[in-house]
Amino acid sequence: MLKELCLLNGTSGDEKVVRDFIIENIKDYCTYTVDPLGSVIAFKKGKRKPSKSVSINAHLDEVGFIITHITDEGYLRFTCVGGIDPRVCIDRRVKINGISGVIADKAYHLLSDDERTKCPSFDKLLIDVGASSKADVEKLILPGDFAYFDTDYLEFGDGFIKSKALDDRIGCMLMIELIQSELEYDTTFCFNVQEEVGLRGSKCTSYAVQSDIALVLEATTAADLDGVSGGDRVCALGDGPVVSFMDGRTVYDKELYRLAMKTGEDFAIPVQTKTAVAGGNDAGAIQTSGAGCRVLAVSLPARYIHSGASVVKQDDIENTRKILKELLPKLYD
């Protein structure tokens with residue numbers, strides 16, 4: 001399922017294909033609605049009605065690109081949707097409306113000394129779709145159309161997975177699995193749109209749901225690279241799911257944070273924390289919606305996040321399943 005989800009294209013504002021896939025896989029196991037922004041709110045009946053309402057959240061969208069202009073020569077001007085470093089884009093394959101293209105820049109031989117030491121900004125890059133004129137392109141592509149990394153899903157090495165959109169199709173997969181399973185308590189699931197452009201979908205669903213506790217399933221930045229040590233590694237692949245105490249948008253509920261860490265310890269499930277206050281996720285919007293909500297995030301460590309080649313480890317996915325199994329019943333007490 002993860003491979004299918006990751007290979008679907010669905011950047012912020014263009015999530016329909018991903019949403020349709022999710023609905024197809026949950027419709028026989030729950031009731032659901034689609035809100036005006038496009039998020040899916042699903043309700044799964046459990047064996048018991050809880051004393052506290054709990055929602056589980058993940059976002060449908062991925063980072064990508066949007067076409068802003070077509071040059072007379074048939075090249076595409078574009079900018080990013082969500083946070084993408086231009087350095088991970090040069091010479092990468094992309095697709096727009098099923099049309100293949102390449103993100104292009106000047107050849108190295110033509111760069112000035114100054115240009116060789118700097119990364120070009122998006123307004124200096126072009127997408128080459130093999131056209132010879134603006135008229136040729138406009139038959140198939142127009143400004144406002146979305147472009148996506150065109151990349152393979154690859155399992156490699158000692159249990160590693162490489163793909164685009166692992167942030168946050170991993171969370172979507174885990175939520176689908178939970179909906180398809182037998183739950184102890186009634187639970188609401190929010191598949192949120194437009195997380196990558198400001199947590200917009202979760203702001204709407206959290207007002208609609210008004211849960212007492214919200215769990216966010218995410219992917220988060222790992223920097224366990226050669227030459228990086230100590231807290232600069234942030235989190236590491238293979239060390240288990242990441243439970244954050246704070247990030248750039250949220251100070252997480254202290255009791256829930258400790259509960260998650262202790263659950264890992266009690267059941268011998270590897271769990272780690274994030275040693276940098278950076279980034280953010282839907283918890284930032286959910287926490288401050290309505291009368292407020294207690295929030296907890298459980299994330300998968302991912303290298304090269306927000307690129308066409310993010311990397312996670314299968315062991316971390318399996319240990320996230322394990323921690324959810326033991327942790328979820330505790331949230332309703």
Side-chain angles (χ1 to χ4, degrees), residues 1-6 8 15 18-35 39-61 165-193 195 201-202 205-206 208-209 211-220 240-243 256 259-260 263-264 267 269 271 281-283 286 293-300 312 314-333:
M1 185 184 293
L2 184 59
K3 178 178 180 179
E4 290 182 87
L5 278 164
C6 287
L8 296 175
E15 299 99 341
V18 184
R19 179 170 56 249
D20 289 348
F21 178 92
I22 289 169
I23 290 172
E24 184 64 29
N25 281 275
I26 67 171
K27 64 182 182 180
D28 296 331
Y29 301 90
C30 65
T31 59
Y32 72 90
T33 59
V34 178
D35 76 5
S39 299
V40 179
I41 302 174
F43 178 75
K44 169 74 174 184
K45 190 75 176 169
K47 296 177 183 177
R48 290 185 280 172
K49 185 175 181 179
S51 58
K52 295 176 184 176
S53 60
V54 174
S55 68
I56 304 178
N57 298 260
H59 66 89
L60 284 70
D61 56 319
L166 287 165
D167 172 23
D168 182 31
R169 303 293 160 72
I170 285 180
C172 292
M173 176 193 69
L174 293 170
M175 282 173 45
I176 291 170
E177 290 176 353
L178 287 169
I179 292 172
Q180 290 179 348
S181 70
E182 189 175 73
L183 298 181
E184 189 66 28
Y185 294 99
D186 298 350
T187 305
T188 300
F189 295 82
C190 298
F191 296 88
N192 297 311
V193 298
E195 189 266 0
S202 58
T205 59
S206 55
V209 171
S211 57
D212 297 313
I213 293 173
L215 171 63
V216 175
L217 301 179
E218 255 286 11
T220 195
V242 179
V243 182
L256 295 178
L259 176 64
T263 300
F267 290 90
I269 303 167
V271 178
N281 58 54
D282 279 333
I286 297 168
C293 179
R294 299 173 65 196
V295 292
L296 172 68
V298 176
S299 307
L300 267 292
V312 298
Q314 182 66 49
D315 285 351
D316 292 328
I317 299 176
E318 189 56 40
N319 282 319
T320 302
R321 291 187 177 106
K322 291 178 181 178
I323 198 74
L324 290 176
K325 179 182 177 182
E326 305 302 339
L327 175 63
L328 281 177
K330 302 176 186 293
L331 299 182
Y332 302 86
D333 294 337

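Both backbone and side-chain heavy atoms feed into the values below; hydrogens, waters and symmetry mates do not.
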Please tell me if the side chains of [X] and [Y] come closer than 4.5 Å, counting only heavy atoms from C-beta onward.
X: Ile179; Y: Phe191; answer: yes
X: Lys322; Y: Glu326; answer: no
X: Asn281; Y: Glu195; answer: yes
X: Arg294; Y: Lys52; answer: yes
X: Val209; Y: Cys190; answer: yes
X: Leu259; Y: Leu331; answer: yes
X: Arg19; Y: Ile23; answer: yes
X: Leu217; Y: Ile56; answer: yes

Heavy-atom donor-acceptor pair, [X] side chain to [Y] backbone, under 3.5 Å:
X: Asp212; Y: Ser53; answer: yes
X: Lys45; Y: Thr187; answer: no
X: Gln180; Y: Asn25; answer: yes
X: Ser39; Y: Asp35; answer: no
X: Asp186; Y: Gly46; answer: yes

Which atoms form the tightest heavy-atom contact between [X] and [Y], and what is the distance?
X: Cys6; Y: Ala165; result: O-CB, 3.9 Å
X: Asn192; Y: Thr205; result: OD1-OG1, 2.7 Å
X: Pro329; Y: Leu324; result: CD-O, 4.3 Å
X: Leu296; Y: Leu256; result: CD1-O, 3.8 Å
X: Arg169; Y: Asp61; result: NH2-C, 4.1 Å
X: Val298; Y: Pro241; result: CG1-CB, 3.8 Å

Gap separating the [atom1] atom of [X] from the [atom2] atom of [Y], nearest 0.5 angstrom:
X: Glu24; Y: Ile22; atom1: CD; atom2: CD1; value: 12.0 Å
X: Met173; Y: Met1; atom1: CE; atom2: CE; value: 8.0 Å
X: Ile41; Y: Phe189; atom1: CD1; atom2: CZ; value: 13.5 Å
X: Asp168; Y: Asp282; atom1: CG; atom2: CG; value: 8.0 Å
X: Leu300; Y: Ile170; atom1: CG; atom2: CD1; value: 4.0 Å
X: Thr263; Y: Lys325; atom1: OG1; atom2: NZ; value: 13.5 Å

Can you sort out the partners of Ala214 under side-chain contact (heavy atoms from CB on, under 4.5 Å), two or more places apart, ordered by chain and number? Ser55, Asn57, Ser211, Ile286, Cys293, Val295

Between Glu15 and His59, does the side chain to side chain donor-acceptor pair (under 3.5 Å) criterion hold? Intermediate values first, please. CA-CA 10 Å; Glu15 299 99 341; His59 66 89; over 6 Å; no

Taking ring-ring contact (aromatic ring centres under 6.0 Å, His included) as the definition, give me every residue that meets it alongside Tyr185, ordered by chain and number, with sequence neighbours left out. Tyr332

